[in-house]
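Reading through the structure tokens given below for one structure.
Lettering follows sequence order; numbering is per chain, from 1.
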There are 2 protein chains.
Amino acid sequence: MQDGGACQEILCNMVQKEESDVTMPASAAPKLRGRPKAYDRDAALKAMRQVFWTKGFSATSLDDMSAATGMNRPSLYAAFGDKTEAFRAVLKDYIDDARPLYLAAFRTPAPLRESLMKVYETSIAIYHNPQAQGMGCFMIGAALTDVKRDPEVGEMILSALKDMEAGFIRRFEKAKEAGELPADADVKALARIASSGHNTISVRMRAGESVDDIRQYLTQMVDVMVR
Amino acid sequence: MQDGGACQEILCNMVQKEESDVTMPASAAPKLRGRPKAYDRDAALKAMRQVFWTKGFSATSLDDMSAATGMNRPSLYAAFGDKTEAFRAVLKDYIDDARPLYLAAFRTPAPLRESLMKVYETSIAIYHNPQAQGMGCFMIGAALTDVKRDPEVGEMILSALKDMEAGFIRRFEKAKEAGELPADADVKALARIASSGHNTISVRMRAGESVDDIRQYLTQMVDVMVR
DNA sequence: TTTATTTTGTACTCGTTGGTACAAAATACT
DNA sequence: AGTATTTTGTACCAACGAGTACAAAATAAA
């Protein structure tokens, strides 16, 4: 969690692509040889994310993926490899999309309390998919199950969690420097609490708790953290 | 989280049964009519728990369940209904098994700090299945995915989470009365933090974090909570 | 226009899936 | 012993699973 441009989109509906290769020198638009692809790789990832998010890896069939993306199976294979690899790609894409959103929340200048709530609100915005209520975090609510099947998934999740924690640590350090926290405050411990709160949103949201209740939950936690 | 006898077993290996119907008057051993069951319902639940815990609902086949329990499919159906109902039964059984363990941890007389750590150690003992590393909480690591397929699963999980939180609340209230906490301590907020910490174990353990790291994590959190 | 190259789309394979029909087996009641 | 009742075990089914072969289509290069 160190860099990345700010992104204003809500994570779940991020579908459009921006043809970012305008000023690129050469290798960006290589003018491929054969029949042009009929699909947009990024849009396909988002579409699959939606399915995996709701049904999980194992309950999602290639037919589901095919229907969601509009790609036929051979194209899916050519683009993403087998189901396991496709799932990894979706997970990575999810994490890569979320990261800048959180970074933006962390960066926005605000007092500690608001800053923390801004991060949590980012999560809520991501987890509260308008198309389907109560999705929770994709990593925790849908990918975590598959850790035993594919350990790489576990590594990705753990790394993302630690990344998030690092973000909280930096924010608390800054707060300490700014005198928003007592000089003897345990920054790491606070970050773990904040991070735990973040996990709780993921879980409880997926389990069906209302957004209002979750907000109240978080507010109370923040009250203890900043005091 | 109000009652329940203390149970010394580690949750995951609880298989033996105790023929608890000794002093019961009549209806306990009704001397059933037909061919006697060749399976032990409780043992079967534990066996299925193991499979569901590792693979999740969708990746678990009836063949898996059959192999784990030693029951053939018709018997599975007669005993538990279809796969969805069997999963619910397993989840309920898991929660029912865990509850008294936590209650015992909460009840054991100890200073607040040790008391909290005792609860967390209970979780670690449950989640750290000796047969398979890094299982995490069954509810969060394996059942949470299936909330969209079966909302009843979500209700069970949420209720168990709140139940756990209630346990923390009561412990903090007791601590307050005993003068272990300042008189103005926000008991509910503390309970939410403690509860969040509990969720974090579930997640990070499943994701593959080491038990040592998790213990350190929790110790730091507790330090902030009791101070 | 022809050829090389790449993607698409249809149609397949074949193992697995959840669920069930039905006869044999094992018990209690009469 | 005979009958009613319940469980077991085998065998089966139709649907679905992931993955692939291959011809048609669409492009760039020659």
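- Residue A/S66 is out of contact with every strand shown, counting any heavy-atom pair closer than 4.0 Å.
- Note on B/T60: only backbone sugar-phosphate atoms sit closer than 4.0 angstrom, heavy atoms only; bases stay farther off.
- Here D/dT8 is the nucleotide among D/dA25, D/dA28, D/dT8 with the atom lying nearest to any side-chain atom of B/A38.
- Taking atom CE of residue A/M65 and atom C1' of nucleotide D/dG17, one finds them 13 Å apart after rounding to whole Å.
- Put simply, CG on B/D63 is 17 Å from P on D/dC13, counting in whole angstrom units.
- The side chain of B/P36 approaches C/dT27 more closely than any other nucleotide in the set C/dG9, C/dT7, C/dT27.
- Of the candidates D/dG19, C/dG18, C/dT7, C/dG18 carries the atom nearest the B/K83 side chain, counting heavy atoms from C-beta on.
- Ion pairing between A/D96 and A/R99 fails under the 4.0 Å rule for side-chain N and carboxylate O.
- Among the nucleotides C/dT8, D/dA18, D/dT10, the one closest to the side chain of A/K37 is C/dT8.
- Cation-pi check for B/R49 over B/F138 is not met; the charged atom does not lie both under 6.0 angstrom from the ring centroid and within 45 degrees of its normal.
- One can place CD of A/E85 at 14 Å from C1' of D/dA18, the figure rounded to the nearest angstrom.
- Separating the CG atom of B/L62 from the P atom of D/dA11 is a distance of 19 Å, rounded to the nearest angstrom.
- Regarding contacts with the backbone of D/dC16, every side-chain N or O of A/S61 stays at 4.0 angstrom or more from both OP1 and OP2.
- Which of D/dG9, C/dG9, C/dA25 sits closest to the side chain of A/P74 comes down to C/dG9.
- Side-chain contact of A/Y120 with A/T219: a donor-acceptor pair under 3.5 Å is absent, judged by distance alone.
- Summarising the geometry, the separation between CZ on B/R41 and C1' on D/dT7 is reported as 15 Å, rounded to the nearest angstrom.
- One can place CZ of B/R33 at 16 Å from C1' of C/dA25, the figure rounded to the nearest angstrom.
- For the pair B/R206 and B/Y127, the cation does not sit on the ring face, since its NZ or CZ is not both under 6.0 Å from the ring centre and inside 45° of the axis.
- One can place CG of A/N72 at 15 Å from P of D/dT20, the figure rounded to the nearest angstrom.
- Which of C/dA24, C/dG9, C/dG18 sits closest to the side chain of B/R35 comes down to C/dA24.
- Applying the 3.5 Å distance criterion, the base of C/dG18 shares a donor-acceptor pair with the side chain of B/R73.
- Put simply, CZ on B/F52 is 12 Å from C1' on C/dG18, counting in whole angstrom units.
- In this structure, CD1 on B/I193 lies 11.5 Å from CZ on B/F168, to the nearest 0.5 angstrom.
- Comparing D/dT5, D/dT8, C/dT8 by their nearest atom to the side chain of A/Y39 picks out C/dT8.
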